[in-house]
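Structure, as structure tokens:
Just so it is clear, the values below take in all heavy atoms, side chains as well, and ignore hydrogens, waters and symmetry mates. Here is the naming used below: chain letters follow the sequence lines, and residue numbers restart at 1 for every chain.
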Amino acid sequence: MNEANKNILVTNALPYANGPIHIGHMVGYIQADIWVRFQKMQQRNIVYVCASDAHGAPIMLSAEELGVEPDELAEQYTKQHAKDFSDFLIEFDNYYSTHTEENEALVLEIFEQLKQSDCIEKKIIEQAYDKQEKMFLPDRYVRGTCPQCKSGDQYGDSCEKCGATYKPTDLIEPKSVLSGEAPILKESEHYFMKLKKFESFLENWINQIQIHDSVKSKLNEWFQIGLKDWDISRDHPYFGFKIPDEDEKYFYVWLDAPIGYLASLKNLSNKKESGINYEDYFSDNDNCRLVHFIGKDIIYFHALFWPAVLEGAGLKKPDAIFVNGFLTVNGEKMSKSRRTFIKARSYLEHNNPEYLRYYFAYKTNSGIDDFDLDTIDFKNRVNSDIVGKWINIASRCSKFINQHFDNTLGKTIDESLLENFENASDEISELYENREFGQAMRKIMLLADQANQYLDQEKPWVMIKDTKMKEHVLEVCTTAINLFFKLMIMLKPVMPNIAKNGEIFLNVKNLEWQNIHDRLTNHEINDYKPLITRITSESIEAMLDK
RNA sequence: GGUGAUGUAGCUCAGACGGUUAGAGCGUCGCACUCAUAACGCGAAGGUCGGUGGUUCAAGUCCACCCAUCACCA
């Protein structure tokens, strides 16, 4: 089957419903959204889903502290996150939650399949236990002094200072974060996924899918060490789905989280009006592609555990895993004390989301490197590229068309420059496809430069004073408006709202990628209104102040 | 500590296969223009391509080591 005709299911990593989204999170969502919007403009069949990751000990404990039920807390954050995404113009076809009937049904089904294919075993393990709180403690909930380098206040699994790894009870003077008491070791029976069985399958599989080389070499680290079986159960108290035939045991949140992708698709297909059929987008045949966008911190879950689970359950495996790096702000890790921690909401209160979408696009390549939001660079880049180069084309010639030509574009057009733009569109299209958004933006802005140079050479503001030249002014402005129009299509995946307002200005509708070859001639347009305003130092300061 | 990555003009980044005077945008400075959201155009300054050593007729581009930064370690 032709790649272009396949149905594509795209997912974004599930945000954890235990706190607000910050702009570092937004990197992956904006990248995926741009890619999906580009695919939709190519009229591909594509479904883009996400959901809230609603289970696990941290949510349970936060809820307890706030005196609410964990599902209520998760629900609150789910709504807040969905609003943040939508205000950043992330256009999911469905945003759901892992704490749902659809997900539980899928989890139970997949677990049953895993048991039947002999992928599950029970083992007794020893784990840190807080006697006072009566609960087993995740490693991160035990802190103490590193037994190797003696650094104080380290987590229970590894030392941030020297990198040593150990058991929580190996710490010197270990303390439960919850009660402050020293934890004891207690035995418990856990369910394990036999990950070792999948070692050769996985090594083979990662060479068949679309995944960046540096991610592969990352995965090779784990293959070289050898995969360990994966603990997929947790003891009471825990917030998650109960394991069948067990009273006090739950599925580990990372088992049900990726299954949440499928639950979100299932939920969408259950809505009749969506017109989406589950099997069309998730079944083990050649007609569909499964594409995950994730952050580099969760590579092992998506490229080791998840495909192993799918393989064990006899289901379709991912075809592509696109990994993004992290965001730093002004060269630093985001931090509240350094005024570099920016919540999605604080950003939105003071700045236009499309500024950030453009800046992130400008910084995006197919690799997994981190990138920096330098606030000065951000302001210069956006103001110069979007306002000074692109929007400026419309702004500087629309008045002529309005005042002298009754808002109607001419019949003739300067072909050479237009063809140049159209020819560039294939290359730009390929850059979008390969998620080389940064290169795409640079190429597009070089075209915008050409348009501005063209206007500068033709000087319509001089010619308009000579009535004999009036027709030529019309041709120049018509050409420039067409150049603007083509740039608008190329930038639509990144800045959909500006494009939408641009469509109103140009009196056209729902532009697709192929419309790049259209010519607007003898065509009435509307009065020009500024499509975006510049970023100011004040608006940047304001978002950092939170 | 292990592993992976990064280090090119003030800033952000391009630079298959090693090959003439290392590129772009932004910023800075100068000139010009006045249609445009003090936008746009032209021009200039600015780099011993992290360091050292090696391979080669030739290295930013390959190799080794070192330094710095970042990330991950279930």
Side-chain angles (χ1 to χ4, degrees), chain A residues 139 146 148-149 157-165 193 195 212-232 252 254 295-301 303-305 323 325-328 330-333 359 362-365 367-404 436 438-439 441-446 448-465 473 476-477 480 528-536:
Chain A
D139 292 347
C146 169
Q148 186 170 300
C149 74
D157 50 353
S158 67
C159 173
E160 286 178 318
K161 292 272 158 33
C162 74
T165 55
M193 164 94 189
L195 203 60
H212 198 267
D213 281 347
S214 57
V215 179
K216 272 190 208 171
S217 51
K218 198 86 201 156
L219 289 166
N220 277 327
E221 289 176 38
W222 284 304
F223 290 133
Q224 273 166 26
I225 302 165
L227 300 181
K228 291 185 221 162
D229 289 342
W230 180 39
D231 187 351
I232 56 164
Y252 176 41
W254 264 111
K296 65 181 181 180
D297 51 331
I298 52 176
I299 289 171
Y300 49 78
F301 292 109
L304 297 178
F305 301 166
V323 179
F326 293 148
L327 181 74
T328 53
N330 290 332
E332 307 270 7
K333 217 184 248 195
Y359 192 70
Y362 186 86
K363 294 271 187 139
T364 294
N365 58 37
I368 67 166
D369 298 334
D370 294 351
F371 65 74
D372 187 47
L373 168 67
D374 180 289
T375 45
I376 307 235
D377 183 55
F378 171 56
K379 173 171 161 276
N380 287 338
R381 177 100 271 138
V382 168
N383 287 345
S384 165
D385 285 2
I386 303 179
V387 183
K389 292 174 191 278
W390 173 43
I391 300 293
N392 190 229
I393 301 164
S395 174
R396 70 191 299 196
C397 62
S398 58
K399 203 166 86 181
F400 296 112
I401 295 171
N402 176 265
Q403 291 184 352
H404 300 276
E436 290 286 357
Q439 284 188 49
M441 295 308 109
R442 285 182 192 99
K443 288 245 175 347
I444 292 169
M445 287 309 149
L446 285 177
D449 283 342
Q450 288 178 19
N452 278 306
Q453 284 157 8
Y454 169 75
L455 281 170
D456 215 69
Q457 282 159 20
E458 296 291 341
K459 299 186 177 30
W461 56 93
V462 175
M463 288 193 290
I464 198 67
K465 291 170 187 161
V473 170
V476 167
C477 290
Y528 175 79
K529 295 186 194 110
L531 293 166
I532 193 166
T533 52
R534 310 170 79 81
I535 308 184
T536 62

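In this structure, the CD1 atom of Ile368(A) is 17 Å from the P atom of U3(B), given to the nearest Å.
Base-pair partner of C35(B): not found among the strands shown (Watson-Crick or G-U wobble, both distances under 3.5 Å).
Minimum interatomic distance between Tyr359(A) and Asp374(A) (heavy atoms only, all atoms of both residues): OH-N, 3.5 Å. Closest heavy-atom contact between Lys389(A) and Asn452(A): O-ND2, 3.0 Å.
A 4.5 Å side-chain heavy-atom check between Phe400(A) and Val476(A) finds every atom pair outside the cut-off.
One P atom belongs to C63(B), the other to G4(B), and the distance between them is 14 Å to the nearest Å. Distance check on atom C1': G7(B) versus G30(B) gives 34 Å, rounded to whole Å. Taking atom C1' on both A68(B) and A14(B), the two are 23 Å apart, rounded to the nearest angstrom.
Here Lys459(A) does not reach the OP1 or OP2 of C35(B): none of its side-chain N or O atoms lies under 4.0 Å away. Distances shorter than 4.0 Å separate none of the side-chain N or O atoms of Asn452(A) from OP1 or OP2 on C35(B). For the pair Tyr300(A) and C72(B), the criterion of a side-chain N or O lying under 4.0 Å from OP1 or OP2 is not met. Arg534(A) has a side-chain polar atom (N or O) that falls below the 4.0 Å cut-off from OP1 or OP2 of A39(B).
Between C26(B), C13(B), A36(B), one nucleotide has an atom nearer to the side chain of Phe371(A) than all others, and that is C13(B). Here the side chain of Trp461(A) is nearest to one of C40(B), U34(B), U37(B), namely U34(B). Looking at the side chain of Trp222(A), the nearest of the listed nucleotides A74(B), U12(B), C70(B) is A74(B).
Taking the ring axis of Tyr528(A) as reference, the NZ or CZ atom of Lys399(A) does not stay both within 45° of it and closer than 6.0 Å to the ring centre.
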